[in-house]
Amino acid sequence: VTQFHSRQYNGPMVRLRLWKFCLPTEGTPSHKFFTNRGQISLSEIKENDWVRITLPKCEVAPPELDPRLAGLYIAEGSLCHSNRSHTLALTFNKHEHGYIHESSIKLWRHFQIRPRLVHQGPVTRVETSRQLVYDFFLARFGKGAAGKSLPLGLYGWSSEHKLDFLRAWVDGDGYKKQARLGTASLALALQGFILSASIGMRPSLFVRKVPDGNIGGRVIRANHPCWSLAFEHNEDREQLGCELKALNGPPHQQKSHDNFMRFE
């Protein structure tokens, strides 16, 4: 966004709900949208129209952090600041040896810092208290369940690097049988939606309230609504390493093309 403009308006508003996209779209009747029928006013959009997704434009650049480490941080990372330390922690179930080893190795390779493993009940935390690591992740990805976001530069990564990032995010915060990603951050869910769409995937976005959960004896507090990215097409599921969906009956009448979503 480079500019904001405001004006007085007391007329009607048009409100649309997108197909398999939980956030409504609202605007003045004359507001223009790019659709499969060209650029048309919001009031002229019909039920079976498709709207083009706007994707960020940024310079192509190699990732400054291993994409899988970035994805694991988004899924399982936390930052803790006290007067005495600045701590990064990646928290896994104690049986998730592969992710524990992978994140430890990648932290060592990138920062030349050997993290410590902290075993506590059913979980193992991969930790480092070096402030430069804390500052690096805070500046690029933020912290907290509802406060994380993706840096703009990530959209300039190659498709394979973006896919590596998404795979790690699914490994940490996903439900592979349902091919879904869950997050407490609406901003992060929208960014994940756009990121996956930018490499040709066809995600859906839902929101739901969830009760507290229990993973391996660890209580997961549900203080926020859960924003869920769902990947319903088998091609997308296969790329993310998720369980394939059984195809019963004819495929959906609407095929994906370019970066379009159908209106409900």
Side-chain angles (χ1 to χ4, degrees), residues 1-61 74 140-142 146-159 161-163 165-166 169 180-181 183-208 224-233 235-236 239 251-264:
V1 176
T2 57
Q3 294 182 8
F4 283 97
H5 299 273
S6 63
R7 64 185 177 91
Q8 293 296 323
Y9 179 76
N10 297 314
M13 299 291 284
V14 177
R15 186 179 177 89
L16 297 171
R17 291 194 66 84
L18 296 164
W19 178 60
K20 295 190 177 181
F21 189 82
C22 64
L23 297 177
T25 298
E26 189 174 53
T28 58
S30 61
H31 188 88
K32 299 292 185 180
F33 268 78
F34 287 98
T35 72
N36 56 315
R37 294 191 288 127
Q39 189 177 15
I40 60 176
S41 298
L42 191 55
S43 62
E44 298 173 347
I45 291 177
K46 299 178 180 179
E47 182 177 350
N48 288 318
D49 282 338
W50 295 70
V51 60
R52 188 177 291 276
I53 299 171
T54 301
L55 301 176
K57 291 184 66 175
C58 57
E59 294 184 5
V60 177
I74 288 295
R140 289 158 181 79
F141 302 103
K148 292 177 183 174
S149 62
L150 305 184
L152 183 61
L154 195 149
Y155 296 96
W157 292 1
S158 69
S159 294
H161 284 143
K162 291 178 185 176
L163 188 55
F165 168 83
L166 288 169
W169 189 3
R180 291 197 174 197
L181 269 173
T183 175
S185 169
L186 171 58
L188 191 57
L190 285 170
Q191 291 170 332
F193 184 96
I194 294 171
L195 184 71
S196 54
S198 74
I199 57 176
M201 291 185 172
R202 293 142 293 183
S204 302
L205 181 63
F206 303 97
V207 63
R208 61 189 176 91
H224 307 277
C226 181
W227 302 92
S228 297
L229 283 177
F231 299 91
E232 300 178 295
H233 293 259
E235 298 94 329
D236 299 345
Q239 288 191 85
H252 195 278
Q253 61 179 350
Q254 291 291 351
K255 296 288 186 179
S256 169
H257 49 87
D258 290 343
N259 292 315
F260 288 108
M261 292 181 298
R262 200 184 76 171
F263 282 111
E264 197 174 54

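Remember, it's a predicted structure, so these values are computed and weren't measured experimentally.
- Scored by the side-chain hydrogen bond (donor to acceptor under 3.5 Å, both in side chains) test, Gln3 finds His5 as partners (sequence neighbours excluded).
- Between atom CH2 of residue Trp227 and atom CZ of residue Phe206 there is a gap of 12.5 Å, rounded to the nearest 0.5 Å.
- The backbone N or O of Cys22 lies less than 3.5 Å from a partner atom in the side chain of Arg17, making a donor-acceptor pair.
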message = Could you go through Ile74 and Leu150, starting from their C-alpha distance and side-chain angles, then the distance that decides it, and tell me whether this counts as side-chain contact (heavy atoms from CB on, under 4.5 Å)?
response = CA-CA 9 Å; Ile74 288 295; Leu150 305 184; 4.0 Å; yes
query = Would Phe231 and Gln239 count as a side-chain contact (heavy atoms from CB on, under 4.5 Å) if you check the C-alpha gap in whole Å, the side-chain angles of each, and the deciding distance to 0.1 Å?
reply = CA-CA 10 Å; Phe231 299 91; Gln239 288 191 85; over 6 Å; no
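- With hydrogens and angles disregarded, a donor-acceptor distance shorter than 3.5 Å links the side chain of Asn36 to the backbone of Trp50.
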key: From CA spacing to verdict: side-chain contact (heavy atoms from CB on, under 4.5 Å), Leu18, Leu23   = CA-CA 7 Å; Leu18 296 164; Leu23 297 177; over 6 Å; no
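- Residues Leu163 and Met201 have side chains in contact (heavy-atom distance under 4.5 Å, counting atoms from C-beta outward).
- Here salt bridge (Lys or Arg N to Asp or Glu O under 4.0 Å) pairs that include residues 31-43, with residues two or more places apart or in two chains, are Arg37-Asp49.
- By the side chain to side chain contact (heavy atoms under 4.5 Å, CB included) test, Glu59 pairs with no residue at all, sequence neighbours left out.
- By the salt bridge (Lys or Arg N to Asp or Glu O under 4.0 Å) test, Arg7 is found to be paired with no residue, residues two or more places apart in sequence or in another chain being considered.
- With sequence neighbours left out, Ser30 forms a side chain to side chain contact (heavy atoms under 4.5 Å, CB included) with Thr28.
- Glu44 meets the salt bridge (Lys or Arg N to Asp or Glu O under 4.0 Å) test with no other residue; sequence neighbours excluded.
- Glu232 meets the side-chain hydrogen bond (donor to acceptor under 3.5 Å, both in side chains) test with Lys20, Ser204; sequence neighbours excluded.
- Ser196 meets the side-chain hydrogen bond (donor to acceptor under 3.5 Å, both in side chains) test with no other residue; sequence neighbours excluded.
- Sorted by first and then second residue, the pairs that involve residues 146-158 and meet side chain to side chain donor-acceptor pair (under 3.5 Å), not counting sequence neighbours, are Ser158-His161.
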